[in-house]
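A short worksheet on the structure shown next.
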Amino acid sequence: MAKKIKLESFIYHLLLKGTKRKFINKNNPKFIWLDFIDLLDFQYDSGFCIIVNKKDKSVQAKIKLSEYIHCLKGDNLDSTKNKSHEYQFYPNDPVKSKNDIFIQSVIKDIANKNNFFEGNSNV
Amino acid sequence: MFSKLSKKTLIKASLFKNNPVYVQFYITARCNLTCEQCNIIYANSDVRECTLDEIKIIADNMAEMGVAIVLLTGGEPFARKDLPEIIYAFESRGVHVRMQTNGFASEEQIIKSIEAGGKDISISLDSLTPVSQDKINGGFNDSWHQALKTMSLFTKHLPKNDSFASLGCVFQPYNLSDIENVIKFGTAASWYTSLVPVHVTDNVHPTGFRTFDSDLKFKSEEIERAYELIERVRVMRKEGFLLYDSDQYLDDIKKFINNEDITWRNKNNGVCDSPNLYFAVLPNGEFSPCCDFRVDNSYPLYSDNFIDNFNSKKFKNEVYDVTSSCDGCMYGSYPEITISMRFLAAKIQRAKTFFDPRKQSKNWPLSYEDLLSIAEKIQKNNVVKIKSRKRKKIFKLA
């Protein structure tokens, strides 16, 4: 079966942004955040990405992929419904920003659920 | 084939190593294939695509910077309806366009793109065995035949003189037995072949282009066979087969697949030449050092102050932070440009590729049936048989 492009894109950006975060495990500081990320497995189920811990098979999150904006076209300016037109000449890409906020929130949720918090956080 | 602007930049870059010769512009992340060795369609689909108005300004800026060559890539660049207008935007400003396709471009798109000024094409072809190619392309039936049909259309519509055509072939464990045949096939059809070793990463080191499929890594017992193959294709090039890659690049492929340090960055203190000789542009028009990494700040190439930013120390330092922490890649064009600009033997070899009239003569046009016949003959007469790696069920059925 061909790969699900939107799913693969979501996984890539979750890993990319996740590996840049500096979380520390509140219960077990020796449990490294990157080792935890390496334990994650991603499965597709009817428009959702199910994130599973490979070790204990626990479901970490069920993400609705439609919330992730994917490949907003730039070549159909004639269409009045075209969304890319309104973003023209933006200094910062609003699509990239929205996706970033969405993925960072998923990462934070998974991290916190597993007792990982920002390095200097007391939360 | 190259404009005055492109030639001037190539000479300046060769002398001073600080002129962006080559830019990879990822004009879309959309693709109709999901090739096993490619991750870029996933990496670049989190951003919007530039509009044509923005691309015209990007072309203005690139022309002002003296960019010699822009590769319009993707995704599948022909997925963009406005590709001919994009090609014209660059060519009309003197920036040479290299087009790229996975082979699914229609005849109408090809004609319009060539009319817009495109005369340099690269098509992906990893095997002369249809079922192998279809599998590598993500399980899409007919992708091999489609690639040949598209090759045929380019031989029909591109000018015989003053044009360049090449096959991009990924050097990976599953097609080791096919690579010599691809080079022979390309040569018989007057197309160069360029090899790119497969790049593999893992969950904790995600990078833009590298696949997460660890099955594509060369196993230790396969390395020797891959080395022997590299030496054979080197001999083939000396015998006149149209292989684009330089000796140093081939040597570095051997090192790369065996996880040894590559050498092409040695003359620049172990760092690549981004952004001074090359860089990449995301679908939304933002600068990125290459296809693997982004910078934290946003620098759209359509902004008024892009060139000022590009020349600033702050910008160069930000890029250096990225490039200096990279272990290196073998993505064809980046290493080959550094090698061409910094090593004399490679410079001479490259000049011969583009300016030797014997190497530029072409037996075009070739029909799809002609190409099929060439492929069949090469497959039948293939004396050198290399045992290919066994793989998943669908592959064994071939």
Side-chain angles (χ1 to χ4, degrees), chain A residues 1-21 32-42 51 54 65 68-79 82-104, chain B residues 27-36 38-55 57 74-75 79-83 85-86 137-140 201-208 210-213 282-286 293-294 296-300 302-305:
Chain A
M1 189 183 75
K3 286 181 180 174
K4 298 271 181 198
I5 295 180
K6 192 167 184 175
L7 171 74
E8 298 293 333
S9 179
F10 171 76
I11 296 169
Y12 170 77
H13 286 283
L14 188 110
L15 292 172
L16 180 70
K17 292 169 174 62
T19 49
K20 286 182 178 171
R21 300 295 290 268
I32 307 295
W33 168 243
L34 289 183
D35 291 341
F36 172 75
I37 286 188
D38 207 22
L39 286 176
L40 297 179
D41 191 27
F42 305 89
I51 304 174
K54 280 185 269 190
L65 288 169
Y68 177 73
I69 308 167
H70 184 254
C71 282
L72 191 64
K73 293 180 184 179
D75 59 355
N76 52 352
L77 280 179
D78 293 339
S79 164
N82 178 14
K83 286 180 182 171
S84 62
H85 187 62
E86 64 185 271
Y87 293 143
Q88 206 170 203
F89 301 111
Y90 255 70
N92 288 304
D93 178 354
V95 176
K96 189 172 86 167
S97 303
K98 281 180 190 171
N99 280 331
D100 186 42
I101 290 166
F102 173 61
I103 285 182
Q104 294 292 4
Chain B
I27 56 174
T28 182
R30 289 177 274 154
C31 193
N32 42 7
L33 299 179
T34 54
C35 300
E36 291 177 332
C38 170
N39 189 64
I40 200 73
I41 60 172
Y42 316 121
N44 280 349
S45 61
D46 66 320
V47 299
R48 72 179 180 93
E49 289 174 7
C50 272
T51 63
L52 185 59
D53 288 341
E54 289 168 327
I55 290 173
I57 297 172
R80 276 195 75 132
K81 293 174 197 163
D82 54 0
L83 182 65
E85 288 83 359
I86 296 173
N137 285 346
F140 289 85
T201 189
D202 54 47
N203 276 11
V204 292
H205 303 94
T207 43
R210 300 177 196 225
T211 177
F212 290 91
D213 188 349
L282 300 176
N284 63 2
E286 287 179 15
F293 299 104
R294 295 180 183 179
D296 289 337
N297 290 315
S298 165
Y299 298 101
Y302 54 75
S303 73
D304 295 339
N305 58 356

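Quick note: numbers below take in every heavy atom, side chains included, and nothing from hydrogens, waters or symmetry partners. We name chains A, B, ... by the order of the sequence lines, and we start the count at 1 in each one.
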Salt-bridged, A:Lys98 to B:Asp46, with N to O below 4.0 Å?
->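 Answer for the salt bridge query: no.
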Is [X] close to chain A through its backbone or its side chain, or both, or neither, when contacts mean heavy atoms under 4.5 Å?
{"X": "B:Arg210", "result": "neither"}
{"X": "B:Asn39", "result": "side chain"}
{"X": "B:Phe212", "result": "side chain"}

Donor-acceptor contact present, side-chain [X] to main-chain [Y], <3.5 Å:
{"X": "B:Glu54", "Y": "A:Phe89", "answer": "yes"}
{"X": "B:Tyr302", "Y": "A:Tyr90", "answer": "yes"}
{"X": "B:Glu49", "Y": "A:Gly74", "answer": "yes"}

Counting only heavy atoms closer than 4.5 Å, note whether A:His70 contacts chain B via side chain, backbone, both or neither.
->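 It is both, since atoms from each part get that close.
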Between B:Gly208, B:Gly285, B:Pro283, which residue shows the highest count of heavy-atom pairs closer than 4.5 Å to chain A?
->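 Heavy-atom pairs under 4.5 Å are most numerous for B:Gly208.
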Any idea which of B:Ala43, B:Ala29, B:Cys50 has the most non-hydrogen atom pairs under 4.5 angstrom with chain A?
->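 Answer, by heavy-atom pair count under 4.5 Å with chain A: B:Ala43.
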Which of A:Leu15, A:Asn99, A:Asp38, A:Leu16 touches chain B most, by non-hydrogen pairs under 4.5 Å |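 The option with the most such pairs is A:Leu15.
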Top contributor to chain B contacts, counting heavy-atom pairs under 4.5 Å, from A:His13, A:Lys6, A:Glu8 =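 Most pairs with chain B among the choices: A:His13.
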